[in-house]
There are 2 protein chains.
Amino acid sequence: MTSEQSKSDISRARILDAAAKMFRQKGYAATTLIEIARAAGMQAGSLYYHFGSKDELLEEVLDIGMRRVHEAVEESQERLPADSSHRDRIRVAVEAHLTTLLKHDDYTSANIRIFGQVPEEVQQHHIRQRDAYAELWRHIFTKAQKSGALSSDVNLGVVRMLLMGALNWSVEWYRPGRTSIQAIADHMCLMLFNGVGIEEPAQSRENETVT
Amino acid sequence: MTSEQSKSDISRARILDAAAKMFRQKGYAATTLIEIARAAGMQAGSLYYHFGSKDELLEEVLDIGMRRVHEAVEESQERLPADSSHRDRIRVAVEAHLTTLLKHDDYTSANIRIFGQVPEEVQQHHIRQRDAYAELWRHIFTKAQKSGALSSDVNLGVVRMLLMGALNWSVEWYRPGRTSIQAIADHMCLMLFNGVGIEEPAQSRENETVT
DNA sequence: TCGTAAATCTAATGTACGTTCGAAACATGT
DNA sequence: ACATGTTTCGAACGTACATTAGATTTACGA
């Protein structure tokens, strides 16, 4: 009881880490407590000293995952100078979301991957938290649009969902070592702000801007 | 044996429909054969007259789902006049993908939602099919870039994955009746080609183009 | 060194599920 | 009406799993 990290805390953390990792990989229903326990270095029965049930364990994984990405994006905004451009505000939010997702965070990616297939009762418990995170983004986007940084004649809700989708889906294809997280964020922002299309030189008017 | 649709074929289809629907909703492992059978109007044991195992049933659902979206996008290209712009080619591909996904197709959305959490052996069986679909998109994008319709200094692979993510993620949030599928496709293409950003009037140079 | 509480183990329990198989019901051609 | 093939039923089997509870070990203060 002397160290700030009691043995119980350490075991708890190991269990959560293992659970997040496996939930993310195989989904909730397909992951067995035996596997989680083994990955955490103990027997299945021992899990019940730390968690009341498999569902409870799941809920904590989901909670941690959402909290982490929420805090990361929130902090990205607070770290920014007060007079930053709205493009920069969105840019760092994108970077924060993506980095949390792809850099060692099994919790957040587990949340994103499995949430839709989790027992309905568990989903209900987390709707508030999800809404709060959505609200954070909605706020950033609305401010940007009102101040003229985003086109005023687009449906911001749709744009936001498409953006979140593009980012979230990266957990399905991103593999460390190929494309950097920064490069993905850059491409995302480029698409969002400027698009990657070029005036089609159909009849060809002026060809100065293109290399 | 007289009708072109034998009783067996009808039952088979009912089972597949039920399976696709439930796989999509609850995931593979969490869906029981008892539920599928009930939704198809029969007993669990009867499923085995039509399918060798739960995995086999899953594989057929996945196969149908991928085939449908592949064919839809392929046909969208063939239907187009040969001299169509590359923007139009991409636009109809986006529309085809999205429409297949969101309009009654539990098969395709089941595939997209659960593929990452399906037994590894089953995944292996479908990699070829997935690659073929990716190749279809890669081809469309590469042609567009080579002919100057897409910026030449972006990583096309990343752009393509971000686009697919934005589209695929719609199965997580789209609900019929709110935003039309067409509107989503339009927003996606607008983002892809032009972006939704507006020149920030930070120090304000020329304000002619903005309303 | 001892005693107590914390942490884990081990074995058992009940249940839900995938699967099997012979019997029953159904359809169809003669 | 019969016979044969098709389709579904219903009950049973084995297994894998979440969960429980008492025994056992470990950590640690007195």
Side-chain angles (χ1 to χ4, degrees), chain A residues 1-23 25-62 110 114 117-122 125, chain B residues 1-23 25-62 110 114 117-122 125:
Chain A
M1 240 185 266
T2 30
S3 62
E4 40 180 299
Q5 282 276 86
S6 73
K7 184 177 183 188
S8 177
D9 290 340
I10 294 173
S11 289
R12 233 185 113 83
R14 288 166 66 93
I15 295 170
L16 284 167
D17 283 352
K21 185 174 187 173
M22 313 223 56
F23 285 162
Q25 277 176 5
K26 318 182 35 177
Y28 176 61
T31 299
T32 141
L33 290 184
I34 297 174
E35 294 171 306
I36 294 176
R38 182 173 34 208
M42 55 176 64
Q43 299 291 327
S46 310
L47 299 179
Y48 285 82
Y49 179 78
H50 303 277
F51 300 92
S53 69
K54 191 186 178 188
D55 270 26
E56 209 173 279
L57 177 53
L58 168 66
E59 297 217 32
E60 189 145 348
V61 169
L62 293 178
I114 74 179
Q117 295 161 23
V118 131
E120 200 164 348
E121 178 214 348
V122 177
H125 286 183
Chain B
M1 243 185 267
T2 30
S3 63
E4 41 180 297
Q5 283 276 85
S6 75
K7 185 178 185 187
S8 176
D9 289 340
I10 294 172
S11 290
R12 233 183 112 84
R14 289 166 65 93
I15 295 170
L16 284 167
D17 284 351
K21 186 174 187 175
M22 315 224 54
F23 286 163
Q25 277 176 4
K26 319 184 29 178
Y28 176 60
T31 300
T32 141
L33 290 183
I34 296 174
E35 294 171 306
I36 294 175
R38 182 174 33 206
M42 55 176 63
Q43 301 289 330
S46 309
L47 299 179
Y48 285 81
Y49 179 78
H50 303 277
F51 299 93
S53 68
K54 192 186 177 189
D55 271 25
E56 208 173 280
L57 177 52
L58 168 66
E59 298 217 31
E60 188 144 349
V61 168
L62 293 178
I114 74 181
Q117 296 160 22
V118 131
E120 200 164 348
E121 178 214 348
V122 176
H125 287 183

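Below, each value reflects all heavy atoms present in this structure, side chains not excepted, and no hydrogens, waters or symmetry copies. Note on naming: letters A, B, ... go to the chains in the order of the sequence lines (proteins, then strands), and numbering restarts at 1 for each one.
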d([atom1], [X]; [atom2], [N]) in whole Å:
X	N	atom1	atom2	value
I15(B)	dT8(D)	CD1	C1'	10 Å
R38(A)	dC9(C)	CZ	P	13 Å
D9(B)	dT6(D)	CG	C1'	12 Å
L47(B)	dG10(D)	CG	P	14 Å
M42(A)	dT25(D)	CE	P	17 Å

With K54(A), which residues qualify under salt bridge (Lys or Arg N to Asp or Glu O under 4.0 Å), at least two apart?
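Once residues adjacent in sequence are excluded, K54(A) has no partner under the salt bridge (Lys or Arg N to Asp or Glu O under 4.0 Å) criterion.
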
**Prompt:** Do any N or O atoms from the side chain of T31(B) and from the backbone of G27(B) form a donor-acceptor pair under 3.5 angstrom?
**Reply:**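 Yes, because the side chain of T31(B) sits within donor-acceptor range (under 3.5 Å) of the backbone of G27(B).
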
So, for L47(B) and M42(B), which heavy atoms are closest and what is the spacing to 0.1 Å?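 In this case the closest contact between L47(B) and M42(B) is CD2-SD, 4.0 Å.
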
Can you name the closest pair of heavy atoms from I36(A) and M22(A) and give their distance?
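Looking at all heavy atoms of both residues, the shortest contact is N-SD, 4.3 Å.
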
Minimum-distance nucleotide (side-chain atoms of [X] versus [options]):
X	options	answer
Q43(A)	dT8(D), dC9(C), dC9(D)	dC9(C)
Y49(A)	dT8(D), dC9(C), dA7(C)	dA7(C)
S11(A)	dC9(D), dC9(C), dA7(C)	dA7(C)

Taking the axis from the first five pairs and the axis from the last five, what angle separates them in the helix from dT1(C)-dA30(D) to dT30(C)-dA1(D), rounded to 10 degrees?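 Here the helix ends are tilted 10° relative to one another.
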
Counting C-beta onward and ignoring hydrogens, is there a side-chain heavy-atom pair between Y28(A) and P119(A) closer than 4.5 Å?
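Result yes, sub-4.5 Å side-chain heavy-atom pair found.
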
Which residues pass the side-chain hydrogen bond (donor to acceptor under 3.5 Å, both in side chains) test with E35(A), not counting sequence neighbours?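 Applying side-chain hydrogen bond (donor to acceptor under 3.5 Å, both in side chains) to E35(A) gives K26(A).
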
Kindly write out the residues that satisfy side-chain hydrogen bond (donor to acceptor under 3.5 Å, both in side chains) with E60(A), not counting sequence neighbours, or none if the list is empty.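 Residues passing side-chain hydrogen bond (donor to acceptor under 3.5 Å, both in side chains) with E60(A): R12(A).
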
To the closest 0.5 Å, what do you measure between CG (L33(B)) and OG (S53(B))?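 Rounded to the nearest 0.5 Å, the CG-OG separation comes out at 9.0 Å.
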
*Considering just the side-chain nitrogens and oxygens of H50(A), establish if one lies under 4.0 Å of OP1 or OP2 belonging to dA6(C).*
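So the side-chain polar atoms of H50(A) never come under 4.0 Å of the phosphate oxygens OP1 or OP2 of dA6(C).
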
Identify every side-chain donor-acceptor pair in residues 14-21 of chain B under 3.5 Å, counting partners at least two apart or on other chains, and give the distances.
residue, atom, partner, partner atom, Å
R14(B), NE, A40(B), O, 3.3
R14(B), NH2, A40(B), O, 3.3
D17(B), OD1, Y107(B), OH, 2.5

Protein heavy-atom contacts under 4.0 Å, written 5' to 3' over nucleotides 13-26 of chain C as B (base), S (sugar-phosphate only) or - (none), form the string ----SSBB------

